[in-house]
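Proteins get letters first, then strands, A, B, ... in listed order; numbering begins at 1 in each.
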There are 2 protein chains.
Amino acid sequence: MKSPAVTDSRRDILRTAARLFQERGYEATSMQDIASALNLSKGALYHHFQSKDEILFEIMNHGLDVFDEEVLDVVRQIPDPVERLRACIARHIGMLLRGRDREITVILHENRTLPSRLRKRINARKRSYIHFLEDTIQAVQSRLGTKNEIHPRAAAFALLGMINWVYQWYRPDGSLSEEKLIRDYTTIFFDGLTANQ
Amino acid sequence: MKSPAVTDSRRDILRTAARLFQERGYEATSMQDIASALNLSKGALYHHFQSKDEILFEIMNHGLDVFDEEVLDVVRQIPDPVERLRACIARHIGMLLRGRDREITVILHENRTLPSRLRKRINARKRSYIHFLEDTIQAVQSRLGTKNEIHPRAAAFALLGMINWVYQWYRPDGSLSEEKLIRDYTTIFFDGLTANQ
DNA sequence: CGGTCACCTGACCGACCGGTCGGTTGGCGG
DNA sequence: CCGCCAACCGACCGGTCGGTCAGGTGACCG
C-alpha cells in the first residue's frame with residue numbers, strides 16, 4: 001500500500017497533465033510544459049512516472065475508473081432496460097460536461113497515440129461499455145416490441161457518437177442548458193426527430 | 001493558371017500526407033516521414049509548400065471542397081426538406097467511408113492543431129454546414145408538424161456526432177454493410193430506436 | 001547524532017524536429 | 001545545341017524533444 005502523499009502527488013500530476021493534453025493535445029504538450037505548470041522540474045516527473053506514455057495511460061485508466069463508478073455501476077442496478085438506457089444517457093452526458101479534469105476528453109481524442117500494448121488494455125475497457133450498450137439496446141427493442149430491424153451495434157455506436165461528439169462543440173455558458181441537452185438527446189435516440197410528445 | 005504537373009505533385013503530397021496524418025496524427029508525423037513515403041527529400045516538400053501547417057490547411061480545404069461538391073451542392077437541389085435530409089445523411093456517410101484519402105477524418109481529428117488564423121477559415125466553412133443542417137431540421141419539424149420542442153441546433157449536432165463518429169469504429173470489411181448503416185442511422189434520427197416501420 | 005530514504009533539482013544526452021540553402025539535374029523551348 | 005528553370009537532393013541550422021543522472025535536502029528513525 002502506498003502512502004497518501006505518494007498517490008496525492010501522482011494525482012496532481014495526472015490532473016494537470018490531463019488538462020494540458022486536452023487543451024493542446026498529447027504530442028504538442030512537452031514534459032517540460034507539465035512540469036512548469038506544477039512548479040516542478042522535469043526530472044521530478046520521472047520520479048513518479050516512468051514515461052510520458054505512462055502518464056497518458058494512467059489518465060485514461062483513471063478516467064475509465066471514474067466513468068465505471070459514476071455511470072456503469074449505477075445504471076447496471078436499474079432492472080428496466082428503458083429506464084436503464086435513459087439513465088445511462090443522462091449520466092454519460094453529465095460526466096462528459098462536469099468532469100473537471102477532462103480525462104474523458106483525452107480518452108476520446110488520444111485514441112491512437114498510445115503504444116499498442118497499452119492501447120489494447122484501454123480499448124478492452126471501452127469495448128465492455130459497448131457491449132453493455134448493445135445488450136441494453138437489444139433488451140429495449142424486444143421489451144417495446146419494435147418491428148424495425150435496427151442493428152443493436154449500429155444503434156450503440158450512433159448513441160456513443162451523439163454523446164461523445166458533445167465535447168467538440170458544447171459550451172456550458174451557451175444558451176443550451178445541460179438538462180435541455182439531455183432531454184433532446186434522449187428524445188432523439190428513443191423517438192427520433194419526428195417524435196410527437 | 002498553374003500547369004497540370006504542378007497541381008499533380010502538390011496533390012500527391014497532400015494525399016500521402018493526409019493518409020499519414022490520419023494514421024499517426026499531425027504532430028506525430030514528421031516532414032521526413034511524408035518525404036520518405038513519397039521517395040522524396042524533405043527539402044523537396046518545401047519546394048511545393050511553405051510549411052507543415054500549410055499542408056494541413058490545404059488538406060482540410062480540399063476535403064471541404066470535395067464535401068461541398070459531393071454532398072452539399074447535390075442535396076441543396078432537393079426541395080422537400082425530409083428528402084433533403086435523408087439524402088444528406090446518406091451522402092455524408094458515403095463520403096466518410098469511401099473518401100480514399102481520409103481528408104475528412106483529418107478535418108475531424110486535427111481541429112485544434114491549426115494556427116488560429118487558418119483554423120478560423122476552416123471553422124467558418126464547417127459552420128455553414130451546421131447552419132444548413134439546422135435550417136433543414138427546422139423545416140422538417142414544421143413540415144411534419146412535430147409537437148416536441150427539440151432544439152434544432154442540438155439535433156444538428158446529434159446528427160453530426162452520430163455520423164462523424166463512424167470513422168472511429170466502422171470497418172468496411174465487417175458484417176455491417178454501408179447500406180445497412182445508412183438505413184439504420186436514418187431510421188434512428190427520424191424515428192428513433194422505437195420506430196415501428 | 002548519524003543514517004536512510006523519498007523527493008526533488010538542474011545540468012546534460014542523443015535523437016529528431018521544422019525549416020533553409022547551395023548546388024545538381026533533366027527535359028523543353030528556341 | 002544552348003540556356004533556362006522547375007524539381008529535387010542532401011547537408012545543415014538552431015532549437016526542442018523524451019529521458020537520464022549525480023547530487024542536494026530535509027524529515028523521520030534508531
Side-chain angles (χ1 to χ4, degrees), chain A residues 1-60 106 110 112-119, chain B residues 1-60 106 110 112-119:
Chain A
M1 195 62 184
K2 286 174 181 175
S3 79
V6 169
T7 53
D8 270 11
S9 42
R10 271 180 71 99
R11 205 183 49 200
D12 282 351
I13 294 172
L14 290 178
R15 291 188 52 171
T16 301
R19 210 194 66 233
L20 293 177
F21 287 168
Q22 186 262 330
E23 287 169 7
R24 319 179 190 179
Y26 174 78
E27 302 280 359
T29 304
S30 70
M31 290 298 270
Q32 187 59 61
D33 291 338
I34 301 171
S36 300
L38 286 155
N39 281 112
L40 278 180
S41 70
K42 193 170 57 156
L45 295 182
Y46 285 92
H47 180 72
H48 295 283
F49 296 94
Q50 286 187 30
S51 67
K52 195 184 175 188
D53 283 341
E54 191 198 337
I55 293 182
L56 179 57
F57 177 72
E58 289 300 333
I59 287 172
M60 292 184 170
V106 174
E110 306 292 348
R112 311 186 174 196
T113 61
L114 267 187
S116 64
R117 240 189 91 79
L118 300 177
R119 189 172 61 228
Chain B
M1 194 63 183
K2 287 175 181 174
S3 79
V6 170
T7 54
D8 269 11
S9 44
R10 272 180 70 101
R11 205 182 49 199
D12 282 350
I13 294 172
L14 290 178
R15 291 188 51 171
T16 302
R19 211 195 65 231
L20 293 177
F21 288 167
Q22 186 260 331
E23 286 169 7
R24 321 179 188 179
Y26 174 78
E27 303 279 359
T29 304
S30 71
M31 291 298 270
Q32 187 59 62
D33 291 338
I34 301 171
S36 299
L38 287 155
N39 281 111
L40 278 180
S41 72
K42 191 168 58 155
L45 295 182
Y46 286 92
H47 180 73
H48 295 281
F49 296 93
Q50 285 188 30
S51 67
K52 196 184 174 189
D53 284 341
E54 192 197 335
I55 293 182
L56 179 57
F57 177 71
E58 290 299 333
I59 287 172
M60 293 185 169
V106 174
E110 306 294 347
R112 311 187 174 195
T113 59
L114 267 186
S116 64
R117 239 189 91 78
L118 300 177
R119 189 172 60 230

Between atom [atom1] in [X] and atom [atom2] in [N], what is the gap in whole Å?
{"X": "B:E27", "N": "D:dT16", "atom1": "CD", "atom2": "C1'", "value": "13 Å"}
{"X": "A:M31", "N": "C:dC12", "atom1": "CE", "atom2": "C1'", "value": "16 Å"}
{"X": "B:D12", "N": "D:dC8", "atom1": "CG", "atom2": "C1'", "value": "15 Å"}
{"X": "B:L38", "N": "D:dA7", "atom1": "CG", "atom2": "C1'", "value": "14 Å"}
{"X": "A:I55", "N": "D:dG18", "atom1": "CD1", "atom2": "C1'", "value": "11 Å"}
{"X": "B:Q50", "N": "C:dG19", "atom1": "CD", "atom2": "C1'", "value": "12 Å"}
{"X": "A:Q32", "N": "D:dT16", "atom1": "CD", "atom2": "P", "value": "11 Å"}
{"X": "A:E54", "N": "D:dG18", "atom1": "CD", "atom2": "P", "value": "15 Å"}

query = Out of D:dG19, C:dC8, D:dC9, which nucleotide sits closest to the side chain of B:L40?
reply = D:dC9
ask   = So which nucleotide from D:dG10, D:dG19, C:dG19 ends up closest to the side chain of B:S51?
value = C:dG19
query = With a 4.0 Å cut-off on heavy atoms, is B:N39 in touch with a base, just the backbone sugar-phosphate, or nothing at all?
reply = sugar-phosphate
ask   = What does B:S30 touch in the nucleic acid at a heavy-atom separation under 4.0 angstrom: a base, only the sugar-phosphate, or nothing?
value = sugar-phosphate
request  = Drop me the distance from A:M31's CE to A:L20's CG, to the nearest 0.5 angstrom.
outcome  = 11.5 Å
message = Among residues at least two apart in sequence or on other chains, which ones pass salt bridge (Lys or Arg N to Asp or Glu O under 4.0 Å) with B:R15?
response = B:D101
Give a yes/no answer on whether the side chain of [X] brings an N or O atom under 4.0 Å of OP1 or OP2 in [N].
{"X": "A:H48", "N": "C:dC8", "result": "yes"}
{"X": "A:H47", "N": "C:dC7", "result": "yes"}
{"X": "B:Y46", "N": "C:dG19", "result": "yes"}

request  = Taking A:Y26 for its side chain and A:D53 for its backbone only, find out whether a donor-acceptor pair lies under 3.5 Å.
outcome  = yes
inquiry  = Taking A:E23's backbone N and O only, do any of them form a donor-acceptor pair with B:R112's side chain (distance below 3.5 Å, no angle check)?
reply    = no
ask   = Is there a donor N/O on one and an acceptor N/O on the other, under 3.5 Å, for the side chain of A:K42 and the base of D:dG18?
value = yes
inquiry  = Between A:D33 and A:S30, is the side chain to side chain donor-acceptor pair (under 3.5 Å) condition met? List the steps.
reply    = CA-CA 5 Å; A:D33 291 338; A:S30 70; 3.2 Å; yes
remark   = Ranking B:K52 and B:A44 by the position along DNA chain C of their nearest nucleotide, the one closer to 5' is B:K52
